[in-house]
Amino acid sequence: MTALTSQPEWQRLTTLAASVKDAHMRNWFAEDSQRAPRMEVEACGLFLDYSKNRVTKEVMQALFDLAKAQNVEGQRDAMFNGEQINSTEGRAVLHTALRNFSGQPVMVDGKDVMPEVLSTLDKIRDFTQAIHSGSHTGYTGKPVKHVVAIGIGGSFLGPKIMTEALKPYKYDGIKVHFVANVDGCHIHDVLTEVDHEETLVVMSSKSFSTQETLQNTLSTKEWFLKQGGSQQDIAKHFVAVSSNVKAATEFGIAKENIFPMWDWVGGRYSLWSAIGLPISLALGFENFKGLLEGAHHMDNHFKEAPFERNLPVILGVLGVWYRNFFNAQSHVLLPYYHYLRGLPAYVQQLDMESNGKRVTQSGDVVDYETGPIIWGSEGTNGQHSFHQLIHQGTDVIPADFLLPLNVPNQDDTHHAMLASNCFGQTQALMQGKTFEECYADLADKGLDEAERKRQAQHKTMPGNKPSNTLLFDKLDPYTLGALVAMYEHKVFVQGVIWQLNSFDQWGVELGKALGNQVLAGISGDADGDQFDASTQQLIARFRHANAPK
Ligand SMILES: O=P(O)(O)OC[C@H]1O[C@H](O)[C@H](O)[C@@H](O)[C@@H]1O
């Protein structure tokens, strides 16, 4: 047994899980009229109803006790204080400093990082204003109308999904195109849509060494030169965001066109840094700042609210409950808002890259489950497909339902239908439909007894399926910032409980290194023997298909 599973708090949860498994939420609601009002919490514009979970007051208390025993508070403070909690890379974890409007310093290795953070924000503001006002033009004097934002992973998902989610706040006159995949189809399609004289390229790569991003930028540079731009004109059309200023300048980006970031900002936590420049260009700097402000308030909430009223802590411990005591393998996110449709993909990277780990901070192999599979898509679409498995499949799949109470260009009929589907699903998942109810429904169908029972069995919905419902007035920049920061801290809480380093990603790094080695194999620059027989065979087929005819 590891330190975690031998904890008395863990053992207590094991005992409680055994007793709770036989209980049905349907009965809890029937017996306790105060269950819903007792199990809600509100902060930073987000209202959470977590009453449709398979937890009692005792379970929640035991989960909070586990979080305390695992030193969530101590680790949280260590993160905010700039300690090197990313122990395998020897780095502080300070995305919270990027949205720190408290006026307080944040120290890394004895140095206050806030002056650099704030001056970079000023640089983002000034650059955004120069583009929007037309004082920064392309080399022929035309204003910028298109931004091609090139990056991948955290240097792509955050900016893309936040920009999409805040579409109603979009700055007219600029269209931002996001390109991540090295598949040439994507960059080709984007470049055929834009005029090089009116295009700004934002290349975002923390490391400045990611194959996909470098290649997409090189192809874009070639395109720019072919269209008539000169080497000298590149300075007006290409900017970069990177912590590797040396590599960016060597690549040909003018020094004044580089927006800095720092090694204490993890890729998947980087949208708050200059990696968010495309958001500012797409929505205006004030809206970008609004996003940061919402996140800052969520940081304060996470630091200050008692566990019983703390959104990230409540969501985090509920996730641990299902993952470790109900064997839930996945967690589904269901935004009932078209513009927020990218959230599942965003949280997927955040959660799975952070907590997809198998050893503890001290290097011991865990003997418990860690991060779940995160998936989902926008409601109501999923109701007509995969919800079936959530309702009647054999696994427990905890769900987060998210709904804005108001939407832009509100059509009351559409919005009421959207809300009713969202609430209806959570109710159906919780209550289910009993065999007796289904059997009664079949009374007038002219079925013989055996057939009536058989059909009733198929229609029976066990219910007791857990869900959280998150409501907010409207999805403005502030609320979105708070929402994303809430999920960041939820993942943090779980990582601490599971004793993981949530801030490295060695599996992903291996993929990057292998991709480069195989590319050398494909180009004929690497000895084939270094690859296994299957990979050699695949490389040979590819080389054959692409050999000069
Ligand atoms: O910003 P870059 O250095 O190009 O890295 C882009 C992405 O690379 C990897 O896939 C990392 O795991 C991600 O967290 C990172 O965001």
Side-chain angles (χ1 to χ4, degrees), residues 85-86 88-95 98 120 124 148-163 178-183 186-187 201-221 238-253 257-279 342 345-358 371 374 484 487-488 491-492 495 500-519:
I85 60 167
N86 177 353
T88 55
E89 294 180 303
R91 290 177 184 168
V93 174
L94 275 176
H95 44 282
L98 302 166
T120 305
I124 297 172
V148 177
I150 301 175
I152 200 162
S155 299
F156 157 73
L157 276 170
K160 176 172 188 285
I161 288 166
M162 301 314 131
T163 302
F178 290 94
V179 179
N181 198 337
V182 77
D183 181 338
H186 195 183
I187 191 73
V201 179
V202 179
M203 190 270 202
S204 301
S205 177
K206 178 183 167 186
S207 62
F208 218 92
S209 67
T210 305
Q211 192 194 71
E212 292 94 327
T213 304
L214 290 173
Q215 187 53 47
N216 278 328
T217 311
L218 273 177
S219 301
T220 307
K221 194 166 147 188
F238 284 71
V239 301
V241 184
S242 186
S243 64
N244 191 346
V245 176
K246 188 166 169 279
T249 36
E250 278 167 14
F251 184 84
I253 308 278
N257 285 353
I258 301 171
F259 290 75
M261 60 185 291
W262 306 274
D263 71 0
W264 41 262
V265 184
R268 53 194 171 275
Y269 300 88
S270 65
L271 79 94
W272 323 100
S273 72
I275 293 287
L277 177 63
I279 307 175
Y346 182 79
V347 177
Q348 187 174 66
Q349 179 189 23
L350 173 66
D351 201 324
M352 293 171 73
E353 202 176 10
S354 297
N355 289 341
K357 311 281 164 70
R358 53 178 284 284
I374 304 291
V484 173
Y487 276 112
E488 285 179 349
V491 170
F492 175 83
L500 306 174
N501 178 1
S502 301
F503 302 101
D504 59 12
Q505 57 283 316
W506 298 109
V508 168
E509 308 282 350
L510 176 68
K512 280 187 174 182
L514 289 180
N516 284 327
Q517 277 172 28
V518 173
L519 184 62

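Numbering of ligands and ligand atoms starts at 1, following listing order. Everything quoted here is computed from the prediction, not taken from an experiment.
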Exercise for the section: Using the side-chain hydrogen bond (donor to acceptor under 3.5 Å, both in side chains) rule, collect all pairs that involve residues 507-516, keeping only residues at least two apart or in two chains. Expected result: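 Found Thr210-Lys512, Gln211-Asn516, Gln505-Glu509.
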Problem - Leu214, Ile150, Thr210: member with heavy atom nearest to atom 5 (O) of ligand 1 - result: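 Shortest heavy-atom distance from atom 5 (O) of ligand 1: Thr210.
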Problem - Closest to atom 14 (O) of ligand 1 among Met203, Glu353, Gln211, Lys206 (heavy-atom distance) - result: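 Closest candidate by heavy-atom distance is Glu353.
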Handout entry: Least distance between heavy atoms, Asn355 atom then Val491 atom
Key =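 That would be ND2-O, 3.0 Å.
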Handout entry: Evaluation steps, salt bridge (charged side-chain N to carboxylate O under 4.0 Å, His left out), between Asp504 and Lys357
Key = CA-CA 9 Å; Asp504 59 12; Lys357 311 281 164 70; 3.0 Å; yes
Handout entry: Atom indices of ligand 1, in the order listed, that fall short of 4.0 Å to a heavy atom of Gln349
Key =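 Close to Gln349: 13 (C), 14 (O).
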Handout entry: Ligand-residue contact atoms, ligand 1 with Ser207, heavy atoms, under 4.0 Å
Key =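 The atoms of ligand 1 under 4.0 Å from a heavy atom of Ser207 are 2 (P), 3 (O), 4 (O).
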Handout entry: Sub-3.5 Å N/O-N/O distance, Thr213 and ligand 1
Key =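 Not met; the criterion fails.
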Practice task
Before signing off on this row, confirm whether Ser205 and ligand 1 have an N or O atom pair separated by under 3.5 Å.
Solution key: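 Ser205 vs ligand 1: N/O contact under 3.5 Å present.
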Handout entry: For Lys160, all residues meeting salt bridge (Lys or Arg N to Asp or Glu O under 4.0 Å), sequence neighbours excluded
Key =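 Listed in chain order: Glu164.
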Practice task
Answer with yes or no whether Glu212 contacts ligand 1, where contact means a heavy atom under 4.0 Å from a ligand atom.
Solution key: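 Outside the 4.0 Å threshold, so no.
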Exercise for the section: Say whether Glu509 and ligand 1 are in contact under the criterion: heavy-atom distance to a ligand atom below 4.0 Å. Expected result: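 Not so, Glu509 does not reach ligand 1.
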Practice task
Indicate, as side chain, backbone, both or neither, the part of Gln505 found under 4.0 angstrom from ligand 1 when only non-hydrogen atoms are considered.
Solution key: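 It is the side chain that touches ligand 1; the backbone stays farther off.
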Exercise for the section: Applying ring-ring contact (aromatic ring centres under 6.0 Å, His included), run through Tyr269 and Phe503 and close with a yes or a no. Expected result: CA-CA 9 Å; Tyr269 300 88; Phe503 302 101; 5.4 Å; yes
If you have a sec, work out which protein heavy atom is nearest [atom] and how many Å separate them, to one decimal?
{"atom": "atom 8 (O) of ligand 1", "result": "Lys512 NZ, 3.0 Å"}
{"atom": "atom 16 (O) of ligand 1", "result": "Gly154 N, 2.7 Å"}
{"atom": "atom 7 (C) of ligand 1", "result": "Ile152 O, 3.7 Å"}
{"atom": "atom 10 (O) of ligand 1", "result": "Val508 CG1, 3.2 Å"}

Problem - Residue pair Pro159 / Ile275, side-chain heavy-atom distance below 4.5 Å - result: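 In short, these two side chains touch, coming nearer than 4.5 Å.
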